[in-house]
Amino acid sequence: MLSSVVPQRVRLEPEREWTHPADKYWQIISPTFEDPELTDAIEATRGACPSGMVEVRGNMKRDPVPGWIEAMQSSMCTRWISQDFPERCAEFDRNRWRSFVASLGTMPMAFCIDRYEYPNVKGQFPWIYVSWTEASELCGELGKRLCSENEWTFACEGEEALPYPYGYVRSEDACVIDRPWRRYDERAFRDRSSVAMMLELDRLWQGEASGSRPACRSPLGVYDLTGNVDEWTRSTSTQGYVSVLKGGYWAQVRSRCRASTRAHDASFAFYQQGFRCCGEPL
């Protein structure tokens, strides 16, 4: 249940209507959304996967050493928005990149991935304020699992190792990115079920419902991988945290397929974080 703790000098009514699943997570209520079976029929990318998922098969470009492909990608930026962290490239050299990746080794990939961010329904808003551990449990309840970072990356970049899921030129029209950063009030996050928490989430929110941007689609038919909300994945490294965030969110961050954030442990949850699930073909 919502508690009544409200910090001073905040508005007392949200602009959006929110729901609080399991008294833990937060989601904006959508008045209308698309039946997943209809989406499957329209997209025709389900293959041998459960409803709502995309069957992904192909060969992923292999990193000779961790982070090398991302670093080489940055060296081929022809027009920077900002080279300060978090760096943002407006355009990459397509011809140089394609020539470069042609010589890279590959590894075969075959898996299913949710077409949209959890709860994986076109027109619904993603769940936020979910930790890595909680995301793993929620996927498990559906007979799925969290995606590995390699699965997520390949679903985003495809066999050409694209910097963005839609190509080589960064576009805030394609995906929900590059919106101005808003300072958050950490006091509002002390009680996860408080009115204060809801009001602060509502003030900070700049995302959109899943599937709102038709152009935010990867070569393999997966939507909203960059921007909107950060997504938890499972690390493929033997070092550091198992919890890795991919994709960036609506603000002015990298929002590239290869980029990752590896600074948070499995219990961390925040206002811009969501997830999607993966699984095996039927």
Side-chain angles (χ1 to χ4, degrees), residues 43 45 47 54-83 86-117 147-178 210-231 233 236 244-250 252-261 276 278:
E43 293 291 328
T45 53
V54 175
E55 183 175 12
V56 173
R57 292 185 183 273
N59 295 302
M60 180 180 181
K61 299 299 183 184
R62 188 190 299 271
D63 245 332
V65 295
W68 189 71
I69 289 179
E70 184 183 358
M72 290 302 297
Q73 206 170 63
S74 293
S75 74
M76 297 186 194
C77 179
T78 60
R79 184 162 52 94
W80 286 100
I81 300 170
S82 172
Q83 287 187 267
E87 65 181 27
R88 290 183 294 146
C89 178
E91 185 171 1
F92 294 90
D93 189 321
R94 178 177 181 271
N95 292 333
R96 281 186 64 202
W97 183 250
R98 293 186 72 180
S99 175
F100 167 72
V101 297
S103 63
L104 294 178
T106 62
M107 56 184 175
M109 304 291 288
F111 58 96
C112 301
I113 185 169
D114 284 350
R115 188 173 286 113
Y116 305 105
E117 299 142 333
C147 304
S148 74
E149 60 177 310
N150 282 348
E151 289 170 332
W152 192 102
T153 298
F154 184 61
C156 183
E157 70 182 18
E159 293 190 322
E160 197 172 315
L162 295 173
Y164 301 116
Y166 44 85
Y168 293 86
V169 180
R170 187 180 182 97
S171 172
E172 62 184 72
D173 293 324
C175 294
V176 184
I177 60 171
D178 290 344
S210 295
S212 297
R213 302 291 184 97
C216 196
R217 184 182 190 272
S218 78
L220 295 165
V222 187
Y223 288 86
D224 303 330
L225 286 160
T226 57
N228 215 35
V229 296
D230 252 328
E231 299 184 25
T233 67
T236 55
V244 175
L245 286 164
K246 296 284 291 183
Y249 66 118
W250 59 72
Q252 297 171 358
V253 295
R254 291 169 293 176
S255 301
R256 284 159 54 182
C257 292
R258 283 273 167 172
S260 62
T261 299
R276 73 180 73 212
C278 281

Which one of Asp114, Ile113, Thr45 satisfies the side-chain contact (heavy atoms from CB on, under 4.5 Å) criterion with Val222?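 That would be Ile113.
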For Met76 and Tyr168, run side-chain contact (heavy atoms from CB on, under 4.5 Å): C-alpha distance rounded to whole Å, both residues' side-chain angles, the deciding distance at 0.1 Å, then the answer. CA-CA 10 Å; Met76 297 186 194; Tyr168 293 86; over 6 Å; no
Answer yes or no: is the gap between the SG atoms of Cys278 and Cys112 smaller than 2.5 Å?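 No - the two cysteines, Cys278 and Cys112, have SG atoms at least 2.5 Å from each other.
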Answer yes or no: is there a side-chain heavy-atom contact under 4.5 Å between [X] and [Y]?
{"X": "Val101", "Y": "Met72", "answer": "no"}
{"X": "Glu151", "Y": "Lys246", "answer": "no"}
{"X": "Glu87", "Y": "Arg256", "answer": "yes"}
{"X": "Ser210", "Y": "Tyr223", "answer": "no"}
{"X": "Asp63", "Y": "Arg258", "answer": "yes"}
{"X": "Thr153", "Y": "Met109", "answer": "no"}
{"X": "Cys257", "Y": "Pro165", "answer": "yes"}
{"X": "Thr106", "Y": "Lys61", "answer": "yes"}

Take Asp178 and Arg170, measure what side-chain contact (heavy atoms from CB on, under 4.5 Å) needs, and give me the verdict at the end. CA-CA 10 Å; Asp178 290 344; Arg170 187 180 182 97; 2.7 Å; yes
What do the steps show when you test Val229 against Trp250 for side-chain contact (heavy atoms from CB on, under 4.5 Å), and what is the final call? CA-CA 6 Å; Val229 296; Trp250 59 72; 4.3 Å; yes
Taking the six-membered ring where the residue is Trp, are the ring centres of Tyr164 and Trp97 under 6.0 Å apart?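 No; Trp97 has its ring centre 6.0 Å or more from that of Tyr164.
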Closest approach of [X] to [Y] (non-hydrogen atoms, all atoms of both residues):
{"X": "Gly248", "Y": "Asp230", "value": "N-OD1, 2.9 Å"}
{"X": "Cys156", "Y": "Thr226", "value": "SG-CG2, 4.0 Å"}
{"X": "Pro219", "Y": "Glu157", "value": "CG-O, 4.2 Å"}
{"X": "Gly47", "Y": "Glu55", "value": "CA-OE1, 3.3 Å"}
{"X": "Phe100", "Y": "Ser103", "value": "O-OG, 2.9 Å"}
{"X": "Tyr166", "Y": "Cys175", "value": "CE2-SG, 3.5 Å"}

First locate atom [atom1] of [X], then atom [atom2] of [Y], and finally report the distance between them rounded to the nearest 0.5 Å.
{"X": "Leu104", "Y": "Met60", "atom1": "CG", "atom2": "CE", "value": "11.0 Å"}
{"X": "Leu245", "Y": "Trp152", "atom1": "CG", "atom2": "CH2", "value": "10.0 Å"}
{"X": "Leu220", "Y": "Arg115", "atom1": "CG", "atom2": "CZ", "value": "12.5 Å"}
{"X": "Asn228", "Y": "Tyr116", "atom1": "CG", "atom2": "OH", "value": "12.5 Å"}
{"X": "Glu231", "Y": "Arg276", "atom1": "CD", "atom2": "CZ", "value": "4.0 Å"}

Before giving the answer on side-chain contact (heavy atoms from CB on, under 4.5 Å), spell out for Phe154 and Ser218 the whole-Å C-alpha distance, their side-chain angles and the decisive distance to 0.1 Å. CA-CA 9 Å; Phe154 184 61; Ser218 78; over 6 Å; no
Donor-acceptor under 3.5 Å (Arg79 side chain, Val169 main chain):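 No, the answer is negative, given that no donor and acceptor are paired below the 3.5 Å cut-off.
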List for me each residue that meets side-chain hydrogen bond (donor to acceptor under 3.5 Å, both in side chains) alongside Asn150, sequence neighbours excluded, and say none if there are none.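 For Asn150, no residue satisfies side-chain hydrogen bond (donor to acceptor under 3.5 Å, both in side chains) once neighbours in sequence are set aside.
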From CA spacing to verdict: side-chain hydrogen bond (donor to acceptor under 3.5 Å, both in side chains), Glu91, Thr78: CA-CA 6 Å; Glu91 185 171 1; Thr78 60; 4.6 Å; no
